[in-house]
Protein chains: 2
Amino acid sequence: MIKIGELAKISGCSVETIRHYEKEQLLAAKLRSDGNFRLYDHADIERLLFIKHCRSLDLSLAEIRQLLSLNDSPMSQCDDVNQMIEQHIEQVERRIADLTQLNKQLKALRLSCNSKRTVEHCGILKQLNEAVSQTN
Amino acid sequence: MIKIGELAKISGCSVETIRHYEKEQLLAAKLRSDGNFRLYDHADIERLLFIKHCRSLDLSLAEIRQLLSLNDSPMSQCDDVNQMIEQHIEQVERRIADLTQLNKQLKALRLSCNSKRTVEHCGILKQLNEAVSQTN
DNA sequence: TATTGACTCTATAGTAACTACAGAGTTTAA
DNA sequence: TTAAACTCTGTAGTTACTATAGAGTCAATA
Ligand SMILES: [Zn+2]
Ligand SMILES: [Zn+2]
Ligand SMILES: [Zn+2]
Ligand SMILES: [Zn+2]
């Protein structure tokens, strides 16, 4: 059994993050020491690494909670897992599309200034202001 | 002079958002009515639309605050504006790269499940668990 | 004129996933 | 024994809003 500091080292998560996951019901220490310190075993390490891997895929804590509970009840159907992953993929792709569009606009904006000028004649601010007048 | 509800309609921002921008020092009503209602003029409308346009470029409120203050002092140099926009572009591009990478992993993960199975044999969960064992 | 409904005010809490304390108690090693 | 290092709980801060509650204001109608 290890204490929270060692779990943090092993997993690469911070102590505060581990406590946070406990509050969010993703990972609970089943035991406490005499002095009330959280004690973790090997299964806890694996569970935390699972969580960490899912987070690196940008899955939300709610989604991970769901995956963990499916993982804990092996007779449930795959469909729920599939659907979540698919929705998540869609969301990521939408965000990529948005950011790509955004990037174009920002680059055009950046080109409209040649530096070394005062803001008075700055193409960037001029453009931002003109966009306003058009909308208005 | 118009009240906040009309400014909200004109700009497409919510009333709460406009009040929020005031708290964040981006847009202040210079006048209040006898009954303490915020009163806005044409310059305020333009300022809010400027803010809205910048937000659509994903600039943070802090960045917009900076742009507004540069806009208000026309003799300042362009360099600050340029640098901010460039950093913002870099950040957006980094995020796009991250998400693209993420998307690949998620798609591979999705392919590892053929649905209609119980979670016990689900390729997705299997893969997620294996990734853990490797790291561990 | 009284009242109703729409509008506005301030202040506070919630969102997501942490991060950063403060103040107290515990353990370990010198 | 005492100091350093660790851990505990609880609370507040981060971003850009959103959503209330409870009170006050205003315009139009009965
Ligand atoms: Zn998701
Ligand atoms: Zn410029
Ligand atoms: Zn930025
Ligand atoms: Zn499956």
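These numbers come from the heavy atoms of this one structure, side chains and all, not from hydrogens, waters or symmetry mates.
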Legend entry - Cluster companions of L39(B) among Ile, Leu, Val, Met, Phe, Trp, Tyr (side-chain spacing under 4.5 Å):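 The other cluster members (ILVMFWY side chains, heavy atoms under 4.5 Å, direct or chained) are M1(B), L31(B).
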Inset, instruction - List, by chain and number, the other hydrophobic cluster members for L111(A), where Ile, Leu, Val, Met, Phe, Trp and Tyr join if side-chain heavy atoms come within less than 4.5 Å, directly or indirectly. - result: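 L111(A) shares its hydrophobic cluster with no other residue.
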Legend entry - Interface limits on DNA chain D, where chain B has a heavy atom under 4.0 Å of a nucleotide atom: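 First-to-last contact on DNA chain D, by the 4.0 Å heavy-atom rule, is dA16(D) to dC26(D).
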So which heavy atom on [X] is nearest to which on [Y], and how close?
X	Y	value
L67(A)	C54(A)	CD1-SG, 4.0 Å
I18(B)	S11(B)	CD1-OG, 4.4 Å
L7(B)	L27(B)	CD2-CD2, 4.5 Å
I89(B)	N103(A)	CG2-OD1, 3.7 Å
I124(B)	C113(B)	CG1-CB, 3.6 Å

Legend entry - Distance in angstrom units between E22(B) CD and dA11(C) C1', rounded: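 It is 14 Å, rounded to the nearest whole Å.
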Legend entry - Separation of dC7(C) P from I4(B) CD1 (nearest whole Å):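 To the nearest whole Å, that distance equals 13 Å.
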Holding to side-chain hydrogen bond (donor to acceptor under 3.5 Å, both in side chains), I want the full list of residues that pass it with [X], two or more places apart in sequence or in another chain.
X	answer
Q77(A)	none
K9(B)	none
Q25(B)	none
E86(B)	R110(A)

Inset, instruction - Determine: side-chain N/O of Y21(A) to OP1/OP2 of dC18(C), distance under 4.0 Å, yes or no. - result: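 True: Y21(A) side-chain N/O within range (under 4.0 Å) of dC18(C) OP1/OP2.
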Inset, instruction - Could you tell me whether the phosphate oxygens of dT8(C), OP1 or OP2, come under 4.0 Å of any side-chain nitrogen or oxygen in R38(B)? - result: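 No, R38(B) has no side-chain N/O under 4.0 Å of OP1/OP2 on dT8(C).
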Inset, instruction - Under 4.0 Å from any atom of DNA chain D, heavy atoms only: list the residues of residues 51-66 of chain A that qualify, in numerical order. - result: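 Per residue number, the list is empty: none.
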Legend entry - the helix from dT1(C)-dA30(D) to dA30(C)-dT1(D): angle between end helix axes, five pairs per end, rounded to 10 degrees: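 For the helix from dT1(C)-dA30(D) to dA30(C)-dT1(D), the axes at opposite ends meet at about 40°.
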Inset, instruction - Any pair with a residue in residues 51-64 of chain A that passes salt bridge (charged side-chain N to carboxylate O under 4.0 Å, His left out), sequence neighbours left out, goes on the list, sorted by first then second residue, please. - result: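 Residue pairs passing salt bridge (charged side-chain N to carboxylate O under 4.0 Å, His left out), neighbours aside: D58(A)-R95(B).
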Output one line per pair: protein atom, nucleotide atom from nucleotides 19-29 of chain C, and distance, for all N/O pairs under 3.5 Å.
| from | atom 1 | to | atom 2 | distance (Å) |
| --- | --- | --- | --- | --- |
| dT19(C) | OP2 | T17(A) | OG1 | 3.1 |
| dT27(C) | OP1 | G35(A) | N | 3.2 |

Side-chain atoms of residues 68-75 of chain A: list all donor-acceptor pairs with protein atoms under 3.5 Å, sequence neighbours left out, distances to 0.1 Å.
| from | atom 1 | to | atom 2 | distance (Å) |
| --- | --- | --- | --- | --- |
| S69(A) | OG | Q66(A) | O | 3.2 |
| N71(A) | OD1 | N129(B) | ND2 | 3.4 |
| N71(A) | ND2 | N129(B) | OD1 | 3.3 |
| D72(A) | OD2 | R47(A) | NH1 | 3.4 |
| S73(A) | OG | S69(A) | O | 3.1 |

